[in-house]
Amino acid sequence: MKISRLLAIYFILSVLVTACGTAEPPPLPPPISPPFEYYGWVYVFYTDSNSDLKRMATYTNTAFATYPAQVKILSALGFKHIIYILNESIILERLTKNENLTAPNESQAAVFYQDILPDFREKFFTVYRDYLTQLKEELVMTGVYDAIDVFSIADEPALHKNVYIDQAFLDQYADVFKQVFPDKKSAIAFAEITDPAVIVTRPESGPHLAPPDSLDLIIVDPYFYDLTGEKDLPCRRDVIQDWLYSANPLSNINWAKQFNKPIIVAGDAEIKAGKSPKDCYVTETYRILQDDASIAGLVWFIYDKEYNEGGYLTGAANDPALVDLIENLGR
């Protein structure tokens, strides 16, 4: 579940004036009960004056925040679950600044911090604990701490082994979070790469690191593509189910089930090269997971119009028909 660390704020001022005064917005549909404990959109580029959250709140119960002001927005709208995404890049930025190192940019090859900083592990966790402590203080001071129940603490660590250097590192990472936030749930999204030929070109990637014992929720993202490109699967429930549960080589549900922790699936709602996913991929994902009692949640990735990954992946909000399809699934 990849989210850009360059968080943006968008301000849009729109005033509708008629001869009789300001036009009233159309009424929202009545709220419904979501079919999962956690159900929603991954949506991060929004402000109080620029968001589609009011409508989302009528058919979802879970939303994401990346800074305290967003938590206030979600809390006011009554979202049952607010998942706060940690900004992992801040830790590395602070660490490299402390050590007078040049921070890598996104166009550079992954920097193996342990190679350039022999005591990387110890120094990373010193900065990490400070970051968590400061974040907790900020959330308490702004009055939003109690509104958050889950923190997404890392994204696909096995694809970033230049940072999450081994299993012990990831275990400690999850444990330190719990020491600072003992009353909050933690989640990590997991994906892997096992093809040796691919690992040669992406040496920071590799096989799965296991979910730490202290982790509360496992997120998997069996999108309808892999390293070879998009998958054109037939619109058959058994084929789609096989892809979600076992055939996807990067991330799948059966791998997650072995750890006996609640599972959240990041459902594929990305537009790829200007094409939305097949309706059957979306509807069957919803129906298959709804029938599986071990699935605690389904969050659709990703909503934001502004989301753009390499000019290939863009957000579902760019296709109103895709958004309508997902909204109407539960209605």
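Note that the structure is a prediction, hence the values are computed from the model and not measured.
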What pairs of residues pass the disulfide (SG to SG under 2.5 Å) test when at least one of them lies in residues 153-224, not counting sequence neighbours?
none

Excluding sequence neighbours, so at least two apart, what forms ring-ring contact (aromatic ring centres under 6.0 Å, His included) with Phe125?
Phe169

Could you give me the CA-CA distance, side-chain angles and deciding distance for Tyr38 and Phe36, then say whether ring-ring contact (aromatic ring centres under 6.0 Å, His included) is met?
CA-CA 5 Å; Tyr38 303 91; Phe36 302 91; over 10 Å; no

Donor-acceptor pair, distance only, cut-off 3.5 Å: does the side chain of Asn318 make one with the backbone of Lys305?
yes

Please identify each residue that fulfils side chain to side chain contact (heavy atoms under 4.5 Å, CB included) with Glu204, with sequence neighbours left out.
Ala110, Phe112, Asn162, Arg202

Ile153 and Tyr173: CA distance, side-chain angles, deciding distance, side chain to side chain contact (heavy atoms under 4.5 Å, CB included) verdict:
CA-CA 9 Å; Ile153 65 173; Tyr173 184 86; 4.0 Å; yes

Got a second to check how far Leu86's CG is from Leu135's CG, nearest 0.5 Å?
6.5 Å

Measure the spacing between OH of Tyr46 and CE of Met56 and express it to the nearest 0.5 Å.
9.5 Å

Using 0.5 Å steps for rounding, measure from the CD atom of Gln70 to the CZ atom of Phe45.
9.5 Å

Going by the disulfide (SG to SG under 2.5 Å) test, which pairs reach into residues 116-212, not counting sequence neighbours?
none

Is it true that Asp232 and Lys278 have a side-chain N and a carboxylate O under 4.0 angstrom from each other?
yes

With Thr228 via side chain to side chain contact (heavy atoms under 4.5 Å, CB included) - residues at least two apart
Asp226, Lys231

Answer yes or no: is there an ion pair linking Lys178 with Asp183, defined by an N-O contact shorter than 4.0 Å?
no

Side-chain ion pair, Glu327 and Arg55, N-O less than 4.0 Å:
yes

Go through Asp195 and Leu227 one step at a time and tell me if the side chain to side chain contact (heavy atoms under 4.5 Å, CB included) criterion holds.
CA-CA 10 Å; Asp195 185 341; Leu227 291 173; 5.8 Å; no

Would you say the side chains of Thr314 and Asn308 form a donor-acceptor pair under 3.5 Å?
no

On the 0 to 90° scale, with breaks at 30° and 60°, tag the Phe259-Trp255 ring pair as parallel, tilted or perpendicular.
perpendicular

Side-chain atoms of residues 186-194: list all donor-acceptor pairs with protein atoms under 3.5 Å, sequence neighbours left out, distances to 0.1 Å.
residue : atom : partner : partner atom : Å
Ser186  : OG   : Asp216  : N            : 3.4
Ser186  : OG   : Asp216  : OD2          : 3.4
Glu192  : OE1  : His208  : N            : 2.9

To the nearest 0.5 Å, what is the distance between OH on Tyr286 and OH on Tyr39?
5.0 Å

Residues that Asn260 engages under side chain to side chain contact (heavy atoms under 4.5 Å, CB included), provided they are two or more places apart:
none

For the side chain of Asn50 and the backbone of Thr47, is there at least one donor-acceptor N/O pair under 3.5 Å apart?
no

Asp115: salt bridge (Lys or Arg N to Asp or Glu O under 4.0 Å) partners, not counting sequence neighbours:
none

Counterpart residues, side chain to side chain contact (heavy atoms under 4.5 Å, CB included), relative to Pro68 (two or more places apart):
Tyr84, Glu138, Leu139, Thr142, Val144

Distance check, rounded to the nearest 0.5 Å: Leu95 atom CG versus Ile90 atom CD1?
13.5 Å

Supply the atom-to-atom distance Leu217 CG to Lys185 NZ, rounded to the nearest 0.5 angstrom.
6.0 Å

Are the side chain of Asn61 and the backbone N or O of Pro34 linked by a donor-acceptor pair below 3.5 Å?
no

Apply ring-ring contact (aromatic ring centres under 6.0 Å, His included) to residues Phe151 and Phe181 and explain how you reach the verdict.
CA-CA 9 Å; Phe151 284 76; Phe181 291 90; 4.7 Å; yes

Is it the case that Lys123 places NZ or CZ above or below the six-membered ring of Tyr128, under 6.0 angstrom from the centre and within 45 degrees of the axis?
no

Per the salt bridge (charged side-chain N to carboxylate O under 4.0 Å, His left out) rule, what does the pair list look like for residues 242-267, sequence neighbours excluded?
Lys257-Asp292

From the list Thr126, Leu132, Val127, side-chain contact (heavy atoms from CB on, under 4.5 Å) partner of Asp130 resolves to Thr126

Of Trp41, Phe64, Tyr307, the one forming a ring pair (Phe, Tyr, Trp, His ring centres under 6.0 Å) with Phe301 is Tyr307

Taking only residues at least two apart or on different chains, which pairs with a member in residues 144-236 satisfy disulfide (SG to SG under 2.5 Å)?
Cys235-Cys280

Backbone of Ile82 reached by a side-chain donor or acceptor of Asp149 within 3.5 Å
yes

I'd like to know if Arg237 and Glu284 make a salt bridge, using a cut-off of under 4.0 Å between side-chain N and carboxylate O.
yes

Applied to residues 309-331, the ring-ring contact (aromatic ring centres under 6.0 Å, His included) test, sequence neighbours excluded, yields none

Of all heavy-atom pairs linking Val71 and Ala147, the shortest is CG1-CB, 3.9 Å

Please check: side-chain N/O of His81 versus main-chain N/O of Glu37, any donor-acceptor pairing under 3.5 Å?
yes

